[in-house]
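Data block below; observations after.
Computation of the quantities below employed the complete heavy-atom set of this structure, encompassing side-chain atoms and omitting hydrogens, waters and symmetry-equivalent molecules.
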Amino acid sequence: QVQLVESGGGLVQTGGSLRLSCSVSGRTDSIYSMGWFRQVPGKERTVVAAINWNDNSTSVSDAAKGRFSISKNSADDTLYLQMGSLKPEDTAGYFCAATVTATPWVADGMHYWGKGTLVTVSS
């Protein structure tokens with residue numbers, strides 16, 4: 001089992017920055033990749049960014065490219081999402097997720113989830 005706990009959400013003005021953290025515990029040696037999803041009420045959960053847990057290769061969604069970056073600290077098994085140039089449309093619940101196999105980055109393919117942290121961007 002893998003446990004994920006997000007933190008760092010909050011209220012920020014348009015153009016501001018925020019860093020989300022995801023503390024990872026449990027069978028971290030089983031993780032293949034990790035990432036961040038976001039969801040607004042009434043819409044599906046969509047991927048923002050992902051990172052291969054072993055080789056640190058990353059990918060970022062088109063909506064976040066150039067503004068967000070994903071990274072991890074292997075020393076304490078923490079995943080980060082650095083968000084900049086925030087827009088009101090970035091307002092959402094942000095969720096940390098993990099997979100133990102090489103699966104497509106869709107919500108149904110994730111094996112573990114955190115409970116999420118809310119990001120609100122005011123205009």
Give, for atom [atom1] of [X] and atom [atom2] of [Y], the distance between the pair rounded to the nearest 0.5 Å.
X: Ser21; Y: Leu81; atom1: OG; atom2: CG; result: 9.5 Å
X: Ile31; Y: Asn52; atom1: CD1; atom2: CG; result: 11.0 Å
X: Met34; Y: Leu79; atom1: CE; atom2: CG; result: 4.5 Å
X: Asp108; Y: Arg45; atom1: CG; atom2: CZ; result: 10.5 Å
X: Met83; Y: Trp36; atom1: CE; atom2: CH2; result: 8.0 Å
X: Cys22; Y: Glu6; atom1: SG; atom2: CD; result: 5.0 Å

Please examine the side chains of [Y] and [X], heavy atoms only from C-beta on, and report whether any two atoms are closer than 4.5 Å.
X: Val24; Y: Gln3; result: no
X: Val40; Y: Thr91; result: no
X: Leu11; Y: Ser122; result: yes
X: Ser30; Y: Val2; result: yes
X: Thr101; Y: His111; result: yes
X: Ser23; Y: Asp77; result: no
X: Leu86; Y: Thr14; result: no
X: Tyr80; Y: Asn73; result: yes

Evaluation steps, side chain to side chain donor-acceptor pair (under 3.5 Å), between Thr99 and Ser33: CA-CA 6 Å; Thr99 71; Ser33 60; 3.0 Å; yes
Val12 vs Thr120, side-chain contact (heavy atoms from CB on, under 4.5 Å): CA-CA, chis, key distance, verdict: CA-CA 6 Å; Val12 63; Thr120 303; over 6 Å; no
Polar side chain donor-acceptor pair, Ser74 to Lys72, under 3.5 angstrom: yes
Member of Phe95, Trp105, Tyr94 meeting the ring-ring contact (aromatic ring centres under 6.0 Å, His included) criterion with Phe37: Trp105
Partners passing salt bridge (charged side-chain N to carboxylate O under 4.0 Å, His left out) against Asp90 (at least two apart in sequence or in another chain): Arg38, Arg67
For Asp62, salt bridge (charged side-chain N to carboxylate O under 4.0 Å, His left out) partners two or more places apart: Lys65
Considering all heavy atoms of both residues, which atom of [X] and which atom of [Y] are nearest to each other, and what is their separation?
X: Ser17; Y: Gly84; value: OG-CA, 3.7 Å
X: Ala50; Y: Ile70; value: O-CG2, 3.6 Å
X: Met110; Y: Pro104; value: CE-O, 3.8 Å

Worked verdict on Leu20 versus Val119 for side-chain contact (heavy atoms from CB on, under 4.5 Å): CA-CA 9 Å; Leu20 305 183; Val119 172; 3.9 Å; yes
Check against side-chain contact (heavy atoms from CB on, under 4.5 Å), Val47 and Val106: CA-CA 7 Å; Val47 64; Val106 294; over 6 Å; no
Trp53: partners by ring-ring contact (aromatic ring centres under 6.0 Å, His included), with sequence neighbours left out: none
